[in-house]
Asks: 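Please see the structure below; I have some questions.
Letters A, B, ... mirror the listed sequences (proteins, then strands); counts begin at 1. From a predicted model like this one, the values you see are computed outputs, not experimental measurements.
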2 protein chains.
Amino acid sequence: MENVKNLIQQRIKEKGLRITPQRYAVYANLLARCDHPTVEQILIEVNQDLPIASKASVYSALTVLREVGLVREILLDEGITRYDGRIDPHHHFVCVNCGSILDLEWDNFKDLPLQNLPTGIKGTSYEITVKGTCDQCGS
Amino acid sequence: MENVKNLIQQRIKEKGLRITPQRYAVYANLLARCDHPTVEQILIEVNQDLPIASKASVYSALTVLREVGLVREILLDEGITRYDGRIDPHHHFVCVNCGSILDLEWDNFKDLPLQNLPTGIKGTSYEITVKGTCDQCGS
DNA sequence: TTCGTTGTTGCACTTTAGTGCGATAGAATT
DNA sequence: AATTCTATCGCACTAAAGTGCAACAACGAA
């Protein structure tokens with residue numbers, strides 16, 4: 001528990017960022033969950049127990065955390081920027097019924113033949129979005 | 001040339017939609033291009049030679065064309081809905097340098113092992129976004 | 001502990017995608 | 001050609017993400 005806290009603080013510090021309660025809370029919230037929240041969701045959850053971060057601060061924290069590579073944006077539905085605390089390569093699963101979003105391990109779909117692309121195009125990375133039904137919604 | 005026009009009209013009619021110059025222009029524009037324009041881009045191009053469709057009409061046409069399955073939305077960057085005149089399964093390539101978007105054929109990455117997903121999850125479809133550098137931007 | 005630097009706050013503001021509406025125009029069926 | 005139903009038009013409006021700002025707070029180095 002305590003070392004989780006230290007880990008988070010260390011990661012933020014390593015990147016040359018000041019550690020503030022707001023940044024800590026935003027990053028910790030992202031790491032603690034397996035889904036991929038919107039700014040709005042983060043804002044609500046972070047302030048659930050007691051008010052700790054304003055809207056401007058959450059945006060600011062997410063921006064700076066993204067700039068140093070601790071979090072990343074992902075794009076899974078219309079016009080909504082979601083954030084992801086995992087920065088290692090992985091894929092995503094979207095339930096077509098309830099909309100829930102899950103991580104899929106990189107190893108599930110690795111070694112795609114990127115050399116078979118049209119002439120002149122160099123593929124360097126890829127990301128797969130699988131659609132289907134999740135555990136709860138399964139037929 | 002003439003048969004392309006007939007083909008487009010027939011496709012719209014088949015779906016039980018009235019053929020209007022606006023719908024025709026929007027759909028023809030989408031079919032004629034290989035990129036994946038935003039509503040804004042479609043609006044501009046369709047009215048390039050002479051004004052033919054208002055903003056409301058372009059939105060309306062895209063909505064109804066999407067509802068009947070003639071076009072589909074795709075989501076490749078932040079908060080911008082793009083449209084795609086191809087409805088058969090295919091993948092996308094995004095140039096990290098110039099942002100251009102290209103289609104990749106389905107056969108490039110087919111037969112992904114969807115059976116290896118976590119328990120309870122049923123994958124029914126997938127889509128791959130490859131990132132890299134395109135012909136113009138190639139190193 | 002002090003102090004300089006940087007971050008936070010709240011709120012109003014900007015921006016932009018998208019919608020609603022009533023009047024007009026036009027497609028298709030007969 | 002007449003009729004009916006539906007689409008389009010322009011434009012103002014909504015909705016919602018995100019930004020700017022200036023006063024204030026607080027992190028952390030010394």
Asks: Strictly below 4.0 Å: does B:Thr81 bring a side-chain N or O up to OP1 or OP2 of C:dG18?
Replies: yes

Asks: Would you say A:Asn108's side chain and B:Leu117's backbone share a donor-acceptor pair under 3.5 angstrom?
Replies: no

Asks: Which of residues 27-54 of chain B have a heavy atom under 4.0 Å from DNA chain D?
Replies: B:Ile52, B:Ala53, B:Ser54

Asks: Please tell me which of the listed nucleotides, C:dG18, C:dC11, D:dG18, lies nearest to the side chain of B:Tyr59?
Replies: C:dG18

Asks: Between SG of B:Cys95 and NZ of A:Lys122, what distance do you get to the nearest 0.5 Å?
Replies: 11.0 Å

Asks: Starting at CG of A:Asn6, measure out to NZ of A:Lys13 and round the result to the nearest 0.5 Å.
Replies: 10.5 Å

Asks: Donor-acceptor pair, B:Arg72 side chain versus B:Gly85 backbone, under 3.5 Å?
Replies: no

Asks: Enumerate, atom names and distances included, each donor-acceptor pair closer than 3.5 Å involving a side-chain atom of residues 58-71 of chain B, sequence neighbours excluded.
Replies:
| from | atom 1 | to | atom 2 | distance (Å) |
| --- | --- | --- | --- | --- |
| B:Thr63 | OG1 | B:Tyr59 | O | 2.8 |
| B:Arg66 | NE | B:Glu73 | OE2 | 3.3 |

Asks: Can you run down the side chain to side chain donor-acceptor pair (under 3.5 Å) pairs that involve residues 26-35 of chain A, sequence neighbours left out, and say none if there aren't any?
Replies: A:Arg11-A:Tyr27, A:Asn29-A:Arg33, A:Asn29-A:Glu45, A:Arg33-A:Asp35, A:Arg33-A:Glu45

Asks: Counting only non-hydrogen atoms, which of residues 11-26 of chain B are less than 4.0 Å from DNA chain C?
Replies: B:Arg18, B:Ile19, B:Pro21

Asks: Does anything in residues 86-105 of chain A form a salt bridge (charged side-chain N to carboxylate O under 4.0 Å, His left out)? List the pairs, not counting sequence neighbours.
Replies: A:Arg86-A:Asp88, A:Arg86-A:Asp103, A:Arg86-A:Glu105

Asks: Please tabulate, one pair per line, all N/O donor-acceptor pairs under 3.5 Å involving side-chain atoms of residues 125-132 of chain B, not counting sequence neighbours.
Replies:
| from | atom 1 | to | atom 2 | distance (Å) |
| --- | --- | --- | --- | --- |
| B:Tyr126 | OH | B:Phe109 | O | 3.0 |
| B:Tyr126 | OH | B:Asp111 | N | 3.3 |
| B:Tyr126 | OH | B:Leu112 | N | 3.4 |

Asks: Calculate the interatomic distance between B:Leu62 atom CG and D:dA7 atom P; express it in whole Å.
Replies: 15 Å

Asks: Using a distance-only criterion (donor-acceptor N/O pair, under 3.5 Å, no hydrogens), is the base of D:dG18 paired with the side chain of A:Lys55?
Replies: yes

